[in-house]
Amino acid sequence: MTQTSTTPTEATAPLRRRLGLVQATALNMIDMVGIGPFVTLPLVMGFMGPYFLLAWLVGAGLSVVDGLIWSELGAAYPEAGGSYRFLKLAYGEHKWGRLMSFLYVWQTLIQAPLVLASGAIGFAQYFGYLVPFDAEEPWQPKLVSGAVVLLLIALLYRRIEDIGKLGVMLWVGVLGLMVWLIFGGITHSTHEVAWLPAGGLTALPGILISAAMGQAAVKTIYSYLGYYNVCHLGGEVKEPHKLIPRSIFLSILGIAALYLLLNWSVGTVIPWQEASKSEFIVSTFVERLYGVAAAKAATALVLWVAFASLFAVLLGYSRIPYAAAADGEFLPIFGRLHPTKQFPHVSLLILGGVGFVFSLLFRLGEVISAILAMRILIQFVGQAVGLVLLRNRRGTEGLPFKMPLYPLPVVLAIAVWLFILYSTGPTLILSALGVTAAGVIAFLVWSRSLGRWPFER
């Protein structure tokens with residue numbers, strides 16, 4: 001007889017569908033922007049030289065293709081947890097789907113705090129432009145990054161409808177900064193920026209498959225991640241069968257346009273050779289155009305954007321362990337909802353707490369590639385294969401959203417994700433495999449304690 005687990009009473013209470021299209025798109029976009037484009041812009045220029053815009057186009061292209069997968073799954077299965085639910089359904093709810101979804105939650109407990117830490121560390125880096133840190137006092141930037149995480153937890157400790165309003169407010173700051181920077185480049189351009197290599201279209205294939213492009217694409221794709229945040233909040237979205245695909249593509253196309261224009265603007269004012277060595281590229285850019293006072297104001301807006309992104313990140317990820325626990329597939333404590341505010345407060349506090357610790361331990365450069373390497377096999381590739389399995393098993397007649405040109409987008413997404421994984425390097429690939437192996441062991445121990453597959457009694 002198979003043993004079943006009991007879930008806390010609080011976990012059975014339904015989440016409230018209060019997020020509309022504007023709020024969902026805003027939460028996606030502030031998740032995507034964050035500190036990423038400002039700290040990766042010089043890194044991409046260093047890898048790609050004068051053709052740095054190509055790397056941002058590649059990142060946008062992969063986001064669109066992968067967004068088709070997320071849109072089809074999110075519209076069909078709009079529940080809290082996003083990939084957790086998709087993987088479980090795709091691979092079978094009682095056998096391999098339990099393993100795949102468990103591994104995704106297992107990785108989330110590590111990589112979600114890493115994402116949170118990367119943004120907080122980047123925040124502290126730019127804060128150093130406003131208040132220079134003492135090089136002999138390394139605790140100072142750590143104090144800033146840790147304080148950012150604690151403030152995020154405090155702001156997210158409230159009802160989802162209040163969070164949606166906060167998200168829109170933060171989104172206005174994101175758009176304001178990007179428009180200001182783009183306008184500055186348009187009105188003060190002094191250098192040409194190449195959209196295509198010197199050899200034209202014939203030289204393009206060689207650049208696209210080069211090692212430099214692989215390294216640069218890791219950075220640009222990191223900056224695009226977050227277009228799927230609405231899927232994590234699927235149980236709190238109004239009319240999800242329509243809203244989820246719309247919010248995904250609105251956010252991808254909007255952010256792609258902003259990123260390309262931002263990079264073009266910076267490149268027309270500061271030569272890529274100089275920009276690739278700048279630690280505060282946005283601050284340097286604005287200082288050159290408008291002076292020190294304006295540069296400090298721009299830096300403050302960068303900090304606003306970084307904070308807004310982390311706000312959306314922690315919000316979305318906190319729903320993943322909750323969904324697994326509410327489903328009886330993870331530690332029951334993660335399934336508890338706040339008794340009056342109806343949000344997964346324990347999951348929020350645990351992920352935020354681990355993110356706080358990580359923000360004190362790591363450096364920014366150590367986590368960006370690690371985040372991608374850890375996600376690719378289980379989440380992105382596993383989810384793409386899972387969509388094929390779901391289509392074959394359940395058909396497409398009842399799908400609210402069907403991707404065009406199927407299965408081409410799926411095949412293309414898998415190929416590009418594997419290329420990106422290869423580009424992260426053998427050390428990070430082995431680290432990701434190690435985390436996955438540890439997750440398999442934890443799953444087997446957990447399943448044995450419950451008497452579930454593969455230890456059914």
Side-chain angles (χ1 to χ4, degrees), residues 31-67 107 110-112 114-119 121-122 125 204-228 252 255-256 259-260 262-263 272 275-277 279 281 306 309 313 358 362-384 412-436:
D31 187 348
M32 294 170 72
V33 177
I35 200 67
F38 308 120
V39 297
T40 59
L41 189 155
L43 298 176
V44 173
M45 288 182 171
F47 286 122
M48 296 298 296
Y51 310 127
F52 57 90
L53 288 178
L54 287 176
W56 292 96
L57 285 170
V58 168
L62 177 57
S63 299
V64 169
V65 172
D66 195 53
Q107 290 185 345
I110 300 172
Q111 62 95 9
L114 280 175
V115 174
L116 188 61
S118 71
I121 295 167
Q125 176 181 310
L204 192 58
I207 291 179
L208 291 177
I209 62 174
S210 66
M213 175 58 78
Q215 293 291 331
V218 169
K219 309 306 180 187
T220 60
I221 290 168
Y222 165 79
S223 298
Y224 279 106
L225 293 181
Y227 49 87
Y228 44 75
I252 291 174
I255 292 300
Y259 281 177
L260 289 168
L262 171 65
N263 279 266
W272 67 266
S276 64
K277 300 175 183 178
E279 187 177 2
I281 185 61
S309 174
V313 164
F358 284 177
F362 299 116
R363 298 178 182 178
L364 185 62
E366 297 171 344
V367 296
I368 291 179
S369 296
I371 290 166
L372 264 181
M374 192 174 295
R375 286 170 143 177
I376 287 175
L377 285 179
I378 299 298
Q379 185 176 21
F380 296 121
V381 173
Q383 194 164 275
L412 185 59
I414 292 173
V416 177
W417 279 124
L418 291 177
F419 174 68
I420 298 299
L421 177 63
Y422 172 79
S423 300
T424 63
T427 300
L428 291 178
I429 293 174
L430 289 175
S431 298
L433 292 175
V435 170
T436 303

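All values below were derived from every heavy atom in this structure, side-chain atoms included, with hydrogens, water molecules and symmetry-related copies excluded. This one's a predicted model, so the numbers in the text were calculated from it and none came from an experiment.
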Donor-acceptor pair, Tyr224 side chain versus Gly61 backbone, under 3.5 Å? no

Does some side-chain heavy atom of Asp66 sit less than 4.5 Å from a side-chain heavy atom of Val416? no

If we only count heavy atoms from C-beta on, is the Thr220 to Phe47 side-chain gap below 4.5 Å? no

Does some side-chain heavy atom of Val115 sit less than 4.5 Å from a side-chain heavy atom of Gln111? yes

In this structure, OH of Tyr422 is separated from CG of Leu428 (nearest 0.5 Å) by 14.0 Å

CD1 of Ile420 to CE of Met213: how many Å apart, nearest 0.5 Å? 9.0 Å

Side-chain contact test, heavy atoms from C-beta onward, threshold under 4.5 Å: evaluate it for Tyr222 versus Ser118 and give yes or no. yes

Do Leu41 and Met45 make a side-chain contact, defined as non-hydrogen atoms from C-beta onward lying under 4.5 Å apart? yes

Shortest non-hydrogen contact between Gly46 and Ser276, atoms and distance: N-CB, 3.7 Å

Carefully, step by step, assess Phe380 and Leu225 under the rule side-chain contact (heavy atoms from CB on, under 4.5 Å). CA-CA 11 Å; Phe380 296 121; Leu225 293 181; 3.9 Å; yes

What are the two closest heavy atoms between Met32 and Ile255, and how far apart are they? CE-CB, 3.7 Å

Kindly compute the distance separating CG (Leu57) from CG (Leu208), expressed to the nearest 0.5 Å. 9.5 Å

Is there a donor-acceptor pair under 3.5 Å between the side chain of Tyr259 and the backbone N or O of Ser223? yes

Please walk me through it: do Phe358 and Leu116 pass side-chain contact (heavy atoms from CB on, under 4.5 Å)? CA-CA 8 Å; Phe358 284 177; Leu116 188 61; over 6 Å; no

Find the distance between CG (Leu260) and CG (Leu54) and round it off to the nearest 0.5 Å. 10.0 Å

Among Leu372, Val65, Leu412, Leu377, the one residue meeting side chain to side chain contact (heavy atoms under 4.5 Å, CB included) with Trp417: Leu372

With rounding to the nearest 0.5 angstrom, report the CG to CE distance, Leu53 to Met48. 9.5 Å

Rounded distance (nearest 0.5 Å) linking atom CG of Asn263 with atom CD1 of Ile281: 9.5 Å

